[in-house]
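Fair warning: this is a prediction, and the values are worked out from it, not measured in the lab.
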Amino acid sequence: MASSLTLSAFQIPTSPPYRVNAAIAASQTSREAPDLHFSTPFQLQQLHARLIKSGLPLSSSLPISLTRVAAVCALSSPSDFSYARSVFLLYGDAPSETLLWNTHLNTLSSSPCPGEALALFSRLRFAGVLPDTFTLSFVLKACSRSPLSPLLGRAVHALVEKLGFRSDIFLLNTLVHMYASLGDTASARLLFNVIPAKDVVTWNIMITHYTKEGEMVVAQQLFDSMPERSVRSWTAMIAGYVQWKNPNEALRLFRDMETTGMRPNEVTVVAVLAACADLGELDLGKRIHAFAMQCSLHKNNVRVCNTLIDMYIKCGCLQLARQVFDEMAERTVVSWSAMIGGHAMHGQAEEALELFSKMEEASVEPNAVTFVGLLHACSHIGLLQEGRQFFRSMTQDYGIVPEIEHYGCMVDLLSRAGLLEEARGFINKMPIEPNSVVWGALLGGAKVHKNIEMGEEAIHNLMELDPRNDGYYVVLSNIYADAERWEDVAKIRRMMKDRGLKKTPGWSTISLDGVVHSFVAGESDHPQIEEIHRSLDELLEKLRHRGYVPDTSAVLLDMDEKNKERVLYHHSEKLAAAYGLMNTANGTPIRIMKNLRVCSDCHAALKLISEITNREIVVRDRNRFHSFRHGSCSCKDYW
DNA sequence: TTCCATCTGT
């Protein structure tokens, strides 16, 4: 026995930390119970030695716990099966041969290296052990998670048939899932179609696959025709619509789900919160938050909290996001990155940087996204030196290779700070191909600093990369207008016309009591539009007394000054703000979402409106948040 | 002992 217990199979661990489950720990509360936590096979070896020496009587839960212990052993490299077997023999309660193999296969198939499960399976076949349905389900799982040849999966499928397991629904579902995750939609669907006794999981697997492929119409068809739906069926559809940027449809489905009485779980909650974040639906987001608290979902699931943080950030409620963050029991790199990015989006660079220090104190390793947030924070407030330092540090100290987003932030930082030449040099030295965001950042800087040459260079590149995007032409035209080069303004306008490009209409939305009201500049189909215009005119009159002068340079239309002013007065964010002021109680913050960037005239007007009405007005534009209070904006006019 | 899933980004 002693020799069979040699622990030479243990090597330096290559696997993530593992823990014996709580059941074993609980069974060992009295006597000189060893500390049963371990995270490496070496610690496990010591633990086992102590267990043997202690001569503890075996509780009924011990053998099965040892199954788990043995499964962990299999993860040592190279995995050794004989050790686990010897453990069972030692306790005189060896389970069947197949179960033993299955336990190992189960662990390996969901480990970071599923290929090991496949290797173990070939050893099982070589040893002449007969696989059962469990064995095959683990192997198929390993196949679907392994980049190895799909032929192997087909071979196992053949084995399923050969061994007579063709009516085992677990196996069939796993097979459908395997074909789907290997990208073989045709085989998955073929199998799905011929399974006579599909259960809800079979349907869910197929639906989930289609949603991941972006085939929402097919997914919806299957969803509509399935005989019964589980919470996962609903969640798959909702998450699919969120993923493919159709948050309205996601919320419609969620409301349908509610009417059926189906109870959302934490995954549903995550998907619905993401839809709320996309739409700025604060009211529903808050309701979901309350529901999550009621069910304690937020305590058990860090992703629920992370998504709550994101939802509050994108709805403009940084304080509430921070509150969720501060109250979390455990934070991952995602929680930190989301919160840092949130402060960045709201122009709070200091808070973002401070949070990063705290993150380091908490020994949470930052990732590429964390640095996007930090660089974003720096660029939004003009922290040039800090930004350069982060960019250096991310590679030097953290070994993170800069991605296109990081380059985008750096060009934004440099060009907004007026270092246009350096920004151009930076682009030219980039080891990856600059994209439209990078050139767009240079264009933005060129506009702020009225640099026509840089603007032209940027647009030259943008026309190749993203020729259908009208926004760039508009910016360049604004640069020309600023310099009073009207012929060039006209040239751009002609160019847009020739290419069939129309300026994307700006729209703004405001949500009141769960109803979304949207406003488009110059459009007047809102039932209260007369009233809104009257109210807005009164407001603008007051503004003029405070020295507000309309900035017509933002208007890219061929018309006289008077008409330009009219267009400007009816910009969508002004309409939305007026509507919000009319329909909410004094002191309530107004939250507006805009599809484009806030124009400079609206920015100036909203500052004054916040002052004379004594309201906080939060505007989420396509880039960031502007929070107008007491006559100034959180962006400190650096945007 | 088994099948379906969730978060942060210019």
May I have the distance from [X] (atom [atom1]) to [N] (atom [atom2]), rounded to whole angstrom?
| X | N | atom1 | atom2 | result |
| --- | --- | --- | --- | --- |
| A:Asn367 | B:dT8 | CG | P | 12 Å |
| A:Ile400 | B:dT10 | CD1 | P | 16 Å |
| A:Phe325 | B:dT8 | CZ | C1' | 12 Å |
| A:Ile340 | B:dT10 | CD1 | P | 14 Å |
| A:His376 | B:dT10 | NE2 | C1' | 6 Å |
| A:His343 | B:dT8 | NE2 | C1' | 14 Å |
| A:Glu433 | B:dT10 | CD | P | 21 Å |
| A:Leu465 | B:dT10 | CG | C1' | 15 Å |

Exactly one of A:Leu172, A:Ile205, A:Leu222 should register a side-chain contact (heavy atoms from CB on, under 4.5 Å) with A:Phe192. Which one does?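 Going through A:Leu172, A:Ile205, A:Leu222 one by one, the side-chain contact (heavy atoms from CB on, under 4.5 Å) with A:Phe192 is satisfied by A:Leu222 alone.
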B/S/- along nucleotides 2-7 of chain B (protein heavy atoms under 4.0 Å) is BBBBBB
Using side-chain heavy atoms (C-beta onward) and a distance below 4.5 Å, is A:Tyr241 in contact with A:Gln220?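 Sidechains of A:Gln220 and A:Tyr241: in contact.
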Pairs involving residues 301-336 of chain A, ordered by first then second residue, that meet ring pair (Phe, Tyr, Trp, His ring centres under 6.0 Å) (sequence neighbours left out):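 Found A:His289-A:Tyr312, A:Phe325-A:Trp336.
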Would you call A:Glu457-A:Arg424 a salt bridge at under 4.0 Å N-O?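 A salt bridge is present here (some side-chain N lies under 4.0 Å from a carboxylate O).
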Name the nucleic acid region contacted by A:Lys198, choosing base, sugar-phosphate or nothing; use a 4.0 angstrom heavy-atom cut-off, strictly under.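 If one applies the 4.0 Å heavy-atom cut-off, A:Lys198 turns out to touch nothing in the nucleic acid.
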Please tell me whether A:Phe426 and A:Phe391 form a close aromatic pair, meaning their ring centres lie under 6.0 Å apart.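 So the answer is yes for these two rings.
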Plane angle bin for A:Phe625 and A:His346 - parallel if under 30°, tilted between 30 and 60°, otherwise perpendicular: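 Parallel: the ring planes of A:His346 and A:Phe625 meet at under 30°.
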